[in-house]
Protein chains: 2
Amino acid sequence: MIDSPAGSPAPLVRVGDDFEDEYPGASALATECYANLVRAADLLVGLHNRHTSDRYQLSPSARGVLAVVEGAGQPLEPTVIAERLMVTTGSMTSLLDNLEKRGLVRRLPHPDDRRKLLIDITADARAIVDELLPSLHARERDVIGAALTPSEQRALLVSLAKVQRAAADARSAPAPEGAGRRRPPRLEADPPE
Amino acid sequence: MIDSPAGSPAPLVRVGDDFEDEYPGASALATECYANLVRAADLLVGLHNRHTSDRYQLSPSARGVLAVVEGAGQPLEPTVIAERLMVTTGSMTSLLDNLEKRGLVRRLPHPDDRRKLLIDITADARAIVDELLPSLHARERDVIGAALTPSEQRALLVSLAKVQRAAADARSAPAPEGAGRRRPPRLEADPPE
DNA sequence: TATTGTTATACTCTATAACTATA
DNA sequence: TATAGTTATAGAGTATAACAATA
């Protein structure tokens, strides 16, 4: 049903001509928007993640911790970092363990409450962030700038805002019922290789 | 630097006013497109993944295996499935182990080559896919349809095609040099709690 | 020799629940 | 009692490399 031709120049994900027959009530256009939004984001995230991992051996989550603490401009409690990254405190402990082993963060005692900690990043981490963030932002400028004019970029942002709003609203709604499916007559689809 | 207000109605991710001063050469507009494309996709993927996991206890990768085999309309070799999902054959073995344990796929001997297998999905899996895909496509229709008019959807697709192309081109290009960074004077940013 | 799939191993991310020490 | 963080355990996903069977 969802099909993307094998060529490397990566065209859009398309659904088949029979899509709306196979899925009564579905919208081929909406599904293609959905699939291609996800695909575009995967490609973009992949660029950032690959760069971060190749150059600095940082996982996406580890980068997130450094970016949050560095962005705050001051040490933060583990719980605060965990909330911003939307992970549990148990997961945060192990992320911080790894970063501390590598000398990128320090656990400092909290001056006011001896149950708490303050997480600070080291000079090494600051050096990484100072090199990494400019190159990520340069990549963002290059890729988006190569694809879209400023006015297209503004229009894209407007659409993305509406999609984000609709998706956020859908989170609290029950999943919709599908209207069933008509399996296509598989005459001789897609030879096995 | 990247900041998204805490309210639940989820507005756009924005960069600060000082962004282009802090990162010389960067484009605030491009970075916002990048960040919000990723955020919108995360929200959309999250809806699908949550539904798939809650209702059918299927991980995204497991769902991918079923969708690929079901979509092919016939049994496929593990290597072919692995290529389509972009995972190694070692990873595919463990995905298939899990699915086979749950009675959702079968490993059949390949008639022509005794090194190979053919992976088929069971009636149980077909029942899941027949229920799952229509509800995912209904969600796509509802969310995208609530956000954008058909004409906006077509415009979005055009932009996404260009972004995908640029991102695919960037994959084989070297990472751009960042033009350095000017740290903002952290007077009293972001109180710790 | 080359290919297919498995095994063994390892690492990251993630979660939950029990636990310690503080408050 | 309640909170902050850790530990222990578990499971998914991913990868690499060595391996057996087959081509």
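Atoms considered below: every heavy atom in the structure, side chains included; atoms not considered: hydrogens, waters and symmetry mates.
- Between B:I81 atom CD1 and C:dG5 atom C1' the separation is 12 Å, expressed in whole Å.
- With rounding to whole Å, A:M92 atom CE is found 14 Å from D:dT6 atom C1'.
- Judged as a salt bridge (Lys or Arg N to Asp or Glu O under 4.0 Å), and not counting sequence neighbours, the contacts of A:R126 are A:D120.
- In this structure, the OH atom of B:Y56 is 20 Å from the P atom of D:dA12, given to the nearest Å.
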Q: Give the B/S/- string for nucleotides 17-23 of chain D, one per nucleotide from 5' to 3', where a protein heavy atom under 4.0 Å of the base yields B, of only the sugar-phosphate yields S, and otherwise -.
A: ----BBS
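- With sequence neighbours left out, the side chain to side chain donor-acceptor pair (under 3.5 Å) criterion links A:T149 to A:E152.
- Within 6.0 Å of CZ on A:R182 lie no more than 12 heavy atoms contributed by other residues, nucleotides or ligands.
- Mapping A:L85 and B:K116 onto DNA chain C via the closest heavy atom, the residue that lands nearer the 5' end is B:K116.
- Partners of A:R114 according to the salt bridge (Lys or Arg N to Asp or Glu O under 4.0 Å) rule, which considers only residues two or more places apart in sequence or in another chain, do not exist here.
- The CD-P distance, from B:Q57 to D:dA12, rounds to 12 Å in whole Å.
- Per the geometry, CG belonging to B:N49 stands 13 Å off C1' belonging to D:dA12, to the nearest Å.
- Looking at A:R141 and B:E177, no side-chain N of the basic residue comes within less than 4.0 Å of a carboxylate O on the acidic one, giving no salt bridge.
- Distance, A:L117 CG to C:dT22 P: 11 Å, rounded to whole Å.
- Between the NE2 atom of B:H110 and the C1' atom of C:dT3 there is a distance of 13 Å, rounded to whole Å.
- For A:R107, the side chain to side chain donor-acceptor pair (under 3.5 Å) partners two or more places apart in sequence, or in a different chain, are A:D97, A:E100.
- Within the nucleic acid shown, B:S61 comes within 4.0 Å of sugar-phosphate atoms alone, with no base atom in reach, counting heavy atoms only.
- For C:dT14, the OP1/OP2 oxygens have no side-chain nitrogen or oxygen of A:T88 closer than 4.0 Å.
- Considering only residues two or more places apart in sequence or on other chains, B:H51 meets the ring pair (Phe, Tyr, Trp, His ring centres under 6.0 Å) condition with none of them.
- Applying a 4.0 Å cut-off to non-hydrogen atoms, the residues of residues 93-103 of chain B that approach DNA chain D are B:S94, B:L95, listed by residue number.
- What separates CG of B:L58 from C1' of D:dA12 is a distance of 13 Å, to the nearest Å.
- Here A:S94 pairs with nothing under the side chain to side chain donor-acceptor pair (under 3.5 Å) rule; sequence neighbours left out.
- Take B:D21 and apply the salt bridge (Lys or Arg N to Asp or Glu O under 4.0 Å) test, not counting sequence neighbours, and it matches no residue.
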